[in-house]
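Heads up: the structure comes next, in structure tokens.
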Amino acid sequence: MKITLKHVLATALMAVGLSTYAAPIVIKYSHVVADATPKGQAALKFKEFAEKKLPGKVVVEVFPNSQLFGDGKEMEALLLGDVQIIAPSLSKFSKYTKKLQVFDLPFLFDDIQAVDRFQSSKEGQALLSSMKGKGIVGLGYLHNGMKELSANKPLGNPADAKGLKFRIQPSDVIEAQFKAVGANPQKLAFSEVYQALQSGVVDGQENTWSNIYSQKFHEVQGYIMDSNHGVIDYMVVANGKWWEGLPKDIQKGLSEAMTESIKVGNKIAFDESEAFKAKVIADKKAKVLPVGKESLAAWRAAMKPVWKEFEADIGLDLIQAAQKANK
Ligand code: LMR
């Protein structure tokens, strides 16, 4: 057989095509919390489900605990394609959309069930595509839980927070929330919180029971108030260009794996928040204090002006839709 240049080229192209086809797609999923949290478990389940659904076609690498990127860098890494999936807290998206700030409004949601109802509503679902124009696609919401205030002194009343330094997530709403009670909020990456509390760079913080326990914040805080004054939940997001460029069968399999992994994470969030709280109490390092009705009303009144401050950015319609989710 006469071997022509055409033959050689065709064979070479086939080889390239075959090897491209055969190589699994590597998906890096990076996050900042411990494996033993709702997000940590959901990420591991996503790996398990995706690799089972798409054997040989995808490999998922999970990087917990800010190992690969801390929360100051992970969004940038997503946009650059250095990581394909991340799940930042809803308080970390304001550079890309002002709408998600609704989740940071203090005392907006009565409980995590109300948050769930809002996320499932038409308005909540629409927010998943609110960053499409910025190259970020929302694959789903994932729960962590309601957040609690902690400090090196009891915070029975808003006046107790006056002058204290609080670590906050990078959210202008949360910043305004602490300013409203005369405190000094400081935006810090999650991976730096323990050290900042231990060394006294800050006096307090706010977080969920699973984060408080798994990061040992209770070991470096004197008091934790059972305040449930807000929520820390996540949006699992992908690089939009990468996601849209995936072969349809792969995209479908990954979507299903994501939905199933979120279900597992949410179940942990719903079922185990109390267990994490019990572990914090059992450790006897920090005092866990209830917040009485009157005291809660005082906190609510002190922080409520923040709603008006951000109403134009967020949209009154969206705030009202969120309020409707309370029963
Ligand atoms: C925080 O920064 O406190 C949280 O957003 C961390 C997380 O991802 O739960």
Side-chain angles (χ1 to χ4, degrees), residues 29-44 46 62-75 77-78 83 85-96 100-104 106 112 115 119 138-151 165-175 177-178 185-198 201-218 220-221 224 227-237 261-262 265-266 268-270 272-273 276-277 280:
Y29 185 158
S30 162
H31 66 83
V32 301
V33 294
D35 280 338
T37 58
K39 182 160 62 180
Q41 289 298 301
L44 291 172
F46 174 71
V62 177
F63 300 91
N65 266 324
S66 310
Q67 235 169 54
L68 192 61
F69 297 107
D71 51 23
K73 287 270 179 292
E74 63 180 6
M75 198 70 84
L78 185 85
V83 56
I85 298 180
I86 58 176
S89 110
L90 294 165
S91 314
K92 295 176 182 169
F93 287 103
S94 60
K95 225 171 127 185
Y96 307 94
L100 289 173
Q101 294 185 128
V102 68
F103 288 99
D104 283 340
I112 194 72
V115 179
Q119 290 173 351
L139 304 179
Y141 290 105
L142 172 65
H143 292 310
N144 183 339
M146 301 307 280
K147 58 189 178 183
E148 324 298 344
L149 285 165
S150 75
K165 288 179 263 149
F166 283 88
R167 175 271 168 170
I168 59 163
Q169 303 182 76
S171 153
D172 292 347
V173 178
I174 301 177
E175 184 172 55
Q177 168 199 286
F178 279 104
Q186 306 204 359
K187 293 177 181 173
L188 274 182
F190 185 60
S191 58
E192 292 165 27
V193 182
Y194 179 90
Q195 189 75 38
L197 292 169
Q198 189 186 39
V201 165
V202 292
D203 306 300
Q205 61 89 47
E206 50 167 25
N207 232 302
T208 61
W209 289 114
S210 66
N211 278 349
I212 291 172
Y213 182 74
S214 57
Q215 299 297 323
K216 301 186 172 38
F217 294 162
H218 62 300
V220 285
Q221 289 280 263
I224 304 172
S227 53
N228 292 329
H229 61 286
V231 63
I232 293 187
D233 263 16
Y234 310 112
M235 192 185 285
V236 188
V237 292
S261 71
I262 284 176
N266 284 352
I268 297 170
F270 281 132
E272 293 182 21
S273 177
F276 279 113
K277 176 179 165 185
V280 169

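Each ligand, and each atom within it, is numbered from 1 in the order the structure gives. Numbering starts at 1 and runs along the sequence shown.
- Contacts between His31 and ligand 1, counted as non-hydrogen atom pairs separated by less than 4.0 Å, are absent for every part of the residue.
- Taking every non-hydrogen atom of Val33 and a distance limit under 4.0 Å, the qualifying atoms of ligand 1 come out as 7 (C), 8 (O), 9 (O).
- In this structure, atom 5 (O) of ligand 1 lies nearest to the protein heavy atom Gln169 OE1, 2.7 Å.
- Contacts with ligand 1 closer than 4.0 Å are made by side-chain heavy atoms of Asn207 only, the backbone lying farther away.
- The protein atom (non-hydrogen) at minimum distance from atom 8 (O) of ligand 1 is Lys39 NZ, 2.7 Å.
- Atom 9 (O) of ligand 1 has as its closest protein heavy atom Tyr234 OH, 2.5 Å.
- Looking at Ser94, Ser171, Ser89 one by one, the single match for side-chain hydrogen bond (donor to acceptor under 3.5 Å, both in side chains) with Asp104 turns out to be Ser171.
- With a heavy-atom cut-off of 4.0 Å, Arg167 touches ligand 1 through its side chain alone.
- Atoms CG and CG, from Asn65 and Asp35 in turn, are 7.0 Å apart once rounded to the nearest 0.5 Å.
- One N or O on the side chain of Asn266 and one on the backbone of His143 form a donor-acceptor pair closer than 3.5 Å.
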Could you check Ser210 against Asn144 for side-chain hydrogen bond (donor to acceptor under 3.5 Å, both in side chains), going step by step and ending with a plain yes or no? CA-CA 8 Å; Ser210 66; Asn144 183 339; 3.1 Å; yes

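- Less than 4.0 angstrom separates some heavy atom of Ser89 from each of these atoms of ligand 1: 5 (O).
- Remark: ligand 1 atoms within the under-4.0 Å shell around heavy atoms of Lys92 are 1 (C), 2 (O), 4 (C), 5 (O), 6 (C).
- Proximity of Lys39 to Val32: side-chain heavy atoms (C-beta onward) are separated by under 4.5 Å at one or more points.
- When side chains are defined from C-beta on, His218 does not count as touching Ser150, because their heavy atoms never get closer than 4.5 Å.
- Here Asn211 has side-chain heavy atoms under 4.0 Å from ligand 1, and that is the only part of it that gets that close.
- Ring-plane geometry between Tyr29 and Phe46 is classed as perpendicular, the angle between the planes exceeding 60 degrees on a 0 to 90 degree scale with a lower cut at 30.
- Contact annotation for Asp71 and ligand 1: only side-chain heavy atoms (C-beta onward) come within less than 4.0 Å of the ligand.
- A perpendicular orientation is assigned to the rings of Phe217 and Phe190, their planes being inclined by more than 60° (bins at 30° and 60°).
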